[in-house]
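Contents: one structure, followed by commentary.
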Amino acid sequence: MDHTYTYQAVLAASERVNWRVEDLIGGDKALDFARPFMPESLARTEGLTFLSEDEKRVLNQIRGHEYLYVFGLVEEFILPFVLDHARVRLHDGDYRVRALLRFAGEEAKHIHLFKCFREEFVRDFGTRCDVIGPPQEIAHAVLAHHPLAVAFAILHIEWMTQRHYVESIRDNQDLDPQFRSLLRHHWMEEAQHAKLDTLMLDSLTEACGNDEIDSAIDEYVQIGGLLDGGLQQQMEFDLDAFERATGRPLSPAEREECRAVQRQAIRWTFLGSGMTHRNFLETLDAVRPGARTKVEEIAPAFC
Ligand SMILES: [Fe+2]
Ligand SMILES: [Fe+2]
């Protein structure tokens, strides 16, 4: 494929990034509920003009809780996938094994990071926020797909994280410092993951014929559909939590407007922002010329 990534260079970059979960959250580093948690590009609460500023902030924070949970959930299938991929060729290069095990270790750290942030949220928010799951069941359904399809889904997630951080800066809002730090530190490590996932894709595609690659790309789209079903349920849970937290019942018309806006917001956050990422589309096309068109045709529904 057309890139210059190597396991050795990625490992070296990963070793230069060195943060601990405990440095980002806990102790005196509590969440500041006077501020929004999510960049507006992902939360999309500003357009709901019938909500007061306080209500928009509460909905934004509930979307932050959702972000913590859903990211922890997707990383539940990345971790075993990377371990399995490393294990089948343990003697195929020292840098490869070390880089992939470090990738897995970082994802385990991220799962822990999202859990710690979520515990802080649950402790201080004061209102129950329901979630989809359990994560292991969703991971099981994703991992039942062709490894190449799962690798595409993971590449999508890695590049998506890059975009989330860049957009949180561009939005230039007064975001909670802990949440901004979460997006930044996740971004720092996911930059290496995106390169490693591209290298994993190289070795997986070597063993596949064009028909197998075509059906794996179809399965990547199916994984997106599976996640979309869960996300739509999560969006309904978020609106329920909003009504509970604010004590403000939404009228049927308001609920419908919230649903329409938030349906696209959650789709953009976890699906559209990955599937339209330039680097993701370029890798897709390098693996199978023309494949990006298939994804670009369905992408507007998730943007
Ligand atoms: Fe991660
Ligand atoms: Fe990652």
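Start at 1 with the first residue, then count along the sequence. One-based numbering, in listed order, for ligands and for the atoms of each.
In the model, Asp218 has no side-chain atom that pairs as donor or acceptor with a side-chain atom of Gln222 under 3.5 Å. Of the N and O atoms on the side chains of Arg63 and Thr269, at least one donor lies less than 3.5 Å from an acceptor on the other residue.
The hydrophobic cluster around Val97 extends to Leu79, Leu83, Leu90, Leu101, Ile111, counting ILVMFWY residues whose side-chain heavy atoms fall within less than 4.5 Å of a member.
Glu190 is listed as a side-chain neighbour of His110, based on a closest heavy-atom distance under 4.5 Å.
Classification of Lys115 and Glu119 as a salt-bridged pair fails, no side-chain N sitting under 4.0 Å from a carboxylate O.
Within a radius of less than 2.8 Å around the Fe ion (ligand 2), the protein N, O or S atoms are Glu107 OE2, Glu158 OE1, Glu190 OE1, Glu190 OE2, His193 ND1.
Within 6.0 Å of atom OH in Tyr95, 12 or fewer heavy atoms from other residues, nucleotides or ligands are found, so the atom counts as exposed in its surroundings.
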